[in-house]
Amino acid sequence: MEFEAENCKGNLLYYGFFKHLQRRKTGVHPHQIIFEKENTENTYISWEDKMKPRIDLDERLAQEGYQALVSRRDEMLSLAEEIIWRHCLNPKSGDLMSEVDSFPDIRFLTGNYYVGSVSYGYVYRDKKYQAYHIKEGRLRHKHHNGREWVSEWLPLDSPETTRYYQILLSLRLTGGGGGEEDDYMGLDLEAEFVELGVSLEFDVLSHDAI
């Protein structure tokens, strides 16, 4: 019996290794997992929580603006999946490295992802495209000068800035390296646009291990 158990374990490990090799050769297309459990406290979630995403809404965003953004959710996720495929799941991606222990490793990605959080709001940009946010009734640009944090201030109605709608999309990609599916990496995307009806484009803000 002990031999049979060890043999079964060895077969499972071999099967898992074979699946990893197949992922490297063919890639796995993105598949969204939608959790139905209510996130009653609107907290940040993980794979273990299996809850709906956290929603962060700028209180200054008018209801019609919010509804217009939310109505484009399918478009957002379609664009997000293109980015996931291009950067993480396509075996020919230039962002993937073949070295052992490199990150992300396509062999461990399942292709599944879920939305961890979504933020709808505004960001203000000056002519240098520096970002300002509302703080204490004014616009503040906070940056580090190499020694300390420095704040630059402008009035809310400053003609030097342009207000953009901003969507921040935080995605969680799952992995199956240990034989069980779990969080593997986070992928944060950002879209900014002046008018609600324009075409959306997402930029990758960051990706990191979870």
Side-chain angles (χ1 to χ4, degrees), residues 26-36 39 42 44-45 52-96 104 106 109-135 139-143 154 156-174 184-208 210:
T26 63
V28 180
H29 285 275
H31 172 259
Q32 183 193 8
I33 295 177
I34 302 175
F35 297 126
E36 297 297 336
N39 189 350
N42 202 29
Y44 289 102
I45 62 171
K52 290 184 177 181
R54 172 187 172 92
I55 305 296
D56 187 13
L57 179 62
D58 190 325
E59 61 184 15
R60 298 173 182 83
L61 185 63
Q63 184 64 22
E64 57 267 26
Y66 170 67
Q67 292 299 333
L69 295 177
V70 171
S71 68
R72 302 181 70 174
R73 181 179 175 83
D74 289 345
E75 179 185 358
M76 295 178 208
L77 293 178
S78 177
L79 294 171
E81 289 186 2
E82 290 179 11
I83 292 173
I84 293 173
W85 168 253
R86 185 165 65 246
H87 293 285
C88 305
L89 298 177
N90 184 348
K92 298 179 181 180
S93 169
D95 296 314
L96 298 172
I106 192 174
L109 286 162
T110 63
N112 292 333
Y113 77 94
Y114 64 97
V115 180
S117 65
V118 187
S119 173
Y120 301 104
Y122 297 118
V123 63
Y124 299 78
R125 299 279 185 180
D126 64 14
K127 295 178 181 179
K128 297 179 181 179
Y129 209 66
Q130 297 180 128
Y132 286 75
H133 295 87
I134 295 177
K135 181 74 172 180
L139 295 177
R140 180 181 70 166
H141 169 62
K142 188 176 181 181
H143 61 97
L154 289 172
L156 281 177
D157 58 353
S158 172
E160 298 181 34
T161 63
T162 301
R163 189 186 72 177
Y164 292 81
Y165 291 96
Q166 182 186 57
I167 300 173
L168 299 174
L169 196 58
S170 177
L171 306 177
R172 308 289 179 84
L173 281 62
T174 69
Y184 178 71
M185 69 173 287
L187 182 65
D188 295 329
L189 308 178
E190 178 190 39
E192 295 181 7
F193 43 96
V194 176
E195 300 191 12
L196 288 171
V198 301
S199 298
L200 293 180
E201 292 184 15
F202 278 106
D203 293 320
V204 177
L205 279 182
S206 64
H207 73 276
D208 54 12
I210 299 178

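- Phe193 and Tyr164 have their aromatic ring centers separated by at least 6.0 angstrom.
- Among all heavy-atom pairs drawn from Asn42 and Pro53, the shortest one is OD1-O, 4.1 Å.
- Among residues two or more places apart in sequence or in another chain, the side chain to side chain donor-acceptor pair (under 3.5 Å) test is passed with His31 by Asn112.
- Of the possible polar contacts, none joining the Arg172 side chain to the Leu187 backbone as a donor-acceptor pair under 3.5 Å is found.
- The closest side-chain heavy-atom distance from Leu156 to Ile134 is below 4.5 Å.
- Across Thr161 and Tyr132, no two heavy atoms sit closer than the pair CG2-CD1, 4.4 Å.
- Across all non-hydrogen atoms, the minimal contact from Gly121 to Asp58 is CA-CB, 3.5 Å.
- The CG atom of Leu79 sits 10.0 Å away from the CD atom of Glu81 when rounded to the nearest 0.5 Å.
- Side chains of Leu196 and Arg72 form no contact here, defined as non-hydrogen atoms less than 4.5 Å apart.
- The CD atom of Gln32 lies 8.5 Å from the CG atom of Asp74; values are rounded to the nearest 0.5 Å.
- For the side-chain hydrogen bond (donor to acceptor under 3.5 Å, both in side chains) condition, the pairs that include at least one residue of residues 185-206, sequence neighbours left out, are Arg125-Glu192, Tyr129-Glu192, Gln166-Glu190, Ser170-Asp188, Asp188-Ser206.
- Looking at Val70 and Tyr120, their side chains come closer than 4.5 Å, going by heavy atoms from C-beta outward.
- Side chain of Thr110 to backbone of Thr174: a donor-acceptor contact under 3.5 angstrom is found.
- Under the 6.0 Å cut-off for aromatic ring centres, Tyr122 and Tyr165 qualify, their centroids lying closer than that.
- Considering Arg54, Arg73, Lys52 as possible partners of Val115, the one that fulfils the side-chain contact (heavy atoms from CB on, under 4.5 Å) test is Arg73.
- Between Leu89 and His29 there is no side-chain heavy-atom pair separated by less than 4.5 Å.
- Ion pairing between Lys128 and Asp126 fails under the 4.0 Å rule for side-chain N and carboxylate O.
- The structure places CH2 of Trp85 at 4.5 Å from CG of Asn90, a figure rounded to the nearest 0.5 Å.
- Taking SG from Cys88 and CG from Leu173, the interatomic distance works out to 5.5 Å, rounded to the nearest 0.5 Å.
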